[in-house]
Amino acid sequence: MKVRTRYAPSPTGALHIGNVRSGLFAYLFARHHKGTFILRIDDTDAERSSRESLEEILESLRWLSVDWDEGPPDPQYFQSNRLERYREGASRLLREGKAYPCYCSPEQLEAMRKQAEREHRKPGYDGRCRDLTPQAELAKIPIPNRAAGRNYTIRFRAPRSGSTVVEDLIKGRAVFENHELDDLIIVRSDGLPTYNFATVLDDADFGITHVVRGDDHLPNTPRQMQIFYALGIEPPAYAHLPMVMGPDGQKLSKRHGATSVFAYRELGYFPEALLNYLVRLGWSHGDQEIFSKEEMIEYFDFAACGKSAGIFNPEKLLWLNFHYLKQRSLEQLAREVRPFIEKRGWKIPGDQKWLEKMVATLRERAKTLVELADFASFYLNDEIRLDPKAAAKFLKPEIAEPLKSLARELETLEGEFTEASIQSAFQRVLADFNLKLGQLAQPVRVALTGGSVSPGIYEVIAVLGRERTVARLAKAIDLLSRQHQ
RNA sequence: GGUCCCAUCGUCUAGUGGUUAGGACACCGGCCUCUCACGUCGGGAACGGGGGUUCGAAUCCCCCUGGGAUCACCA
């Protein structure tokens, strides 16, 4: 049987990295088995679903290159376009006596829950409407429709004895006693299906063979399986992935800070790094840490998935990002950092080649594109901000003469303005004033970059160019002379 | 609280009865060096507890403890 998996996000917010990991695993499993990966949009909650969320989800997946074989823009992969199908499914269950109308109001239900809690009973629905409607009448019950004044819900008649066994591909066997399950609502009073019902119908209709999702869904699974049985359909296989937790050990959520795919894109992370990080959280292949997408697909296997929840570790993600940054060509890196520079409103005083030279001096000091752009500030803006501490430490009166001498040497350098010729200029000044390299390099660094930390001083000068270097040196010399008048 | 899931360094993990318990991130130290990085070399750091099974348990079983998820007309 050909493998068919699906990822079914609901467009009620940003695409969350914990959530997208489930999608990634479903994707990898399908690709590994040369199967089909389906993207379905669970948008039956009209209140919370939004167009923007949908767009963000689709763009996030495209950015991560998690591509789907079936799904949007095809309208049939939106639950909101399948409402007729769900009504039909509910009608059938009604007709067969496997569902019934429930006339309890949300307020009553809430009160019953509270009451049960006070009395330390389980808070589930007690089934009071289960036998209210005679069997023969059931077939005639219409699907609720508030507009038509039909204010009730349809509940699934769950079995009250026996047990439901989930043979999970990751967790192993989990046995649920059926008397623990209550009769869940499958159609709301507004006529829309609830999640557990719509999901089952979709998984059945689309021929899903393996349901891959977070283990927060494990308690839903016996309920969904019972609906499958009621429909006379064999349930799919299940694989429940452990959760991704925040540093506090709680399920990762917005309150943990940056958690959406978009957030990491804006923070200057690469999709390869995020993918690589996510795949190693809960899955492993021996001691290997770095995986290309092709390798992930080749090696992926539920047997190698861990069973326990993992804590999201931003440092490791950062390290991976650095790894992919180092691996990039200068050409690509320069191209990718551009939008980040432009976002800061900085102009690039040179062509693509110049930008590549600039990036070359910075790349091993930056772990993200954002850091790369930020470090480039002194190359791109002539109005550099002098770090007071660095200036106080290195821009002292006795260095004025060597700086003047260096400026003259650089100005009169014959031939090409290269790191090698710059170095020769430095050596002449060093010899003339009997200084060590560090004694000159640090003051120059402060004069050129504003701070005491930068790439190698020859590289900085070569990228900055003769004119801008000399201008900045002159400015520093000027500052020194004015300070000591 | 009921139900279900889980348990190896701080974190991600390897390990499927016999290992000096391995790797990675992070951390600490040496080297490199014009600063900072990069790189490189080295270091500290774990089998939650108690019972079994076995010649032998991180590995198998039970109990305890701890953590998590879930109990909606959300998904």
Side-chain angles (χ1 to χ4, degrees), chain A residues 8-12 19 42-45 47-49 79 102 104-106 109-110 113 116-117 120-125 144 151-155 166 168 170-172 174-177 180-182 184-196 198-199 214-222 240 242-243 245 247 249-251 277 280-290 304 306-320 322 326 362-367 375 390 394 426 430 436-446 449 451-458:
Chain A
S10 66
T12 53
N19 189 273
D42 279 14
D43 58 352
T44 52
D45 184 353
E47 302 268 309
R48 300 195 302 150
S49 294
Q79 289 189 328
C102 170
C104 301
S105 70
L109 259 14
E110 182 58 29
R113 262 195 298 275
E117 207 173 316
H120 301 290
R121 301 191 330 265
K122 47 186 171 186
Y125 176 65
N151 206 358
Y152 52 87
T153 62
I154 305 295
R155 279 188 190 270
V166 182
D168 194 85
I170 293 172
K171 302 281 186 172
V175 180
F176 297 84
E177 294 304 321
E180 297 286 348
L181 311 176
D182 60 356
L184 81 180
I185 291 172
I186 57 173
V187 181
R188 304 190 290 213
S189 56
D190 60 6
L192 293 175
T194 54
Y195 164 76
N196 279 300
T199 293
D215 70 10
D216 49 342
H217 286 279
L218 198 49
N220 282 325
T221 306
H240 285 97
M243 298 273 86
M245 308 298 199
Q250 307 275 302
K251 190 173 162 181
Y277 178 73
R280 275 290 287 107
L281 222 191
W283 175 80
S284 61
H285 182 70
D287 282 341
Q288 187 169 342
E289 294 289 349
I290 305 296
K307 296 178 176 186
S308 48
I311 292 174
F312 179 74
N313 182 201
E315 270 96 36
K316 185 148 183 191
L317 171 57
L318 196 61
W319 172 76
L320 277 163
F322 184 51
K326 280 186 288 190
L362 257 21
R363 66 182 311 172
E364 66 223 18
R365 292 170 173 79
K367 290 183 160 53
F375 289 160
F394 296 112
F426 263 75
L430 257 26
K436 288 193 178 147
L437 180 53
Q439 294 174 292
L440 182 60
Q442 281 303 79
V444 172
R445 197 184 311 278
V446 176
T449 72
S452 57
V453 172
S454 87
I457 199 66
Y458 310 138

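Sequence lines set the chain letters: A, B, ... in the order given, protein chains first and strands last, and positions in each chain run from 1. Since the model is a prediction, treat every value here as computed from it, not as a measurement.
- Not a single donor-acceptor pair under 3.5 Å links the side chain of A/R113 to the backbone N or O of A/A116.
- The A/N313 side chain lies nearest to B/rC25 when the options are B/rC25, B/rC38, B/rU35.
- A donor-acceptor distance shorter than 3.5 angstrom exists from the side chain of A/Q439 to the backbone of A/K436, with no hydrogens or angles considered.
- When distances are taken from the side chain of A/K316 to each of B/rU11, B/rC36, B/rA24, the shortest belongs to B/rA24.
- The minimum heavy-atom distance between A/K307 and A/K171, with the atom names listed, is O-NZ, 2.9 Å.
- A salt bridge does not link A/K326 with A/E364: every distance from a Lys NZ or Arg NE/NH1/NH2 to an Asp or Glu carboxylate oxygen is 4.0 Å or more.
- Each of A/F176 and A/G286 has a nearest nucleotide on RNA chain B; the 5'-most of these lies closest to A/F176.
- Heavy atoms of A/P455 sit under 4.0 angstrom from at least one base atom.
- B/rC9 makes up no base pair with any nucleotide shown, lacking Watson-Crick or G-U wobble contacts both under 3.5 Å.
- Comparing atom distances between the A/S284 side chain and each of B/rC36, B/rC5, B/rA14 picks out B/rA14 as nearest.
- Each of B/rC34, B/rG23, B/rC25 was ranked by its minimum atom distance to the side chain of A/W319; first place goes to B/rC25.
- Between A/E180 and A/S308, the residue anchored closer to the 5' end of RNA chain B is A/E180, taking for each the nucleotide with the nearest heavy atom.
- Across the protein-nucleic acid pair, A/L320 atom CG and B/rU11 atom C1' stand 13 Å apart, rounded to whole Å.
- Sparse packing is recorded around CD of A/E117, with 12 or fewer heavy atoms of other residues, nucleotides or ligands lying under 6.0 Å away.
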_Protein-to-nucleotide contact annotation, 5' to 3' order, nucleotides 60-75 of chain B [B base; S sugar-phosphate only; - none; under 4.0 Å, heavy atom]_ = --------SSS-SBBB
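- Base pairing annotation: B/rU54 forms no Watson-Crick or G-U wobble pair, as no partner gives both donor-acceptor distances under 3.5 Å.
- Across all strands shown, A/K171 has heavy atoms under 4.0 Å from sugar-phosphate atoms exclusively, and none from any base.
- In terms of modelled atom types and a separation under 3.5 Å, the side chain of A/Y277 and the main chain of A/N313 share a donor-acceptor contact.
- Comparing atom distances between the A/L437 side chain and each of B/rC6, B/rC25, B/rC34 picks out B/rC34 as nearest.
- Nucleotide B/rG42 has B/rC28 as its partner under the Watson-Crick or G-U criteria, with both atom distances under 3.5 Å.
- Distance CZ (A/F426) to C1' (B/rC34): 8 Å, rounded to an integer number of Å.
- Contact annotation for A/G282: backbone-only contact, meaning every heavy-atom pair under 4.0 Å involves sugar-phosphate atoms and none involves a base.
- Searching all strands for a Watson-Crick or G-U wobble partner of B/rA75 with both distances below 3.5 Å returns nothing.
- Among the nucleotides B/rC5, B/rG23, B/rA37, the one closest to any side-chain atom of A/E364 is B/rA37.
- In this structure, a donor-acceptor pair under 3.5 Å is absent between the side chains of A/Q79 and A/D43.
- A donor-acceptor contact closer than 3.5 angstrom links the side chains of A/S454 and A/R445.
- As the counterpart of B/rC34, no nucleotide is assigned, since no Watson-Crick or G-U wobble pattern has both distances under 3.5 Å.
- Between the base of B/rG1 and the side chain of A/E117 there is no donor-acceptor pair shorter than 3.5 Å.
- Nucleotide B/rA69 has B/rU3 as its partner under the Watson-Crick or G-U criteria, with both atom distances under 3.5 Å.
- Across all strands shown, A/I311 has heavy atoms under 4.0 Å from sugar-phosphate atoms exclusively, and none from any base.
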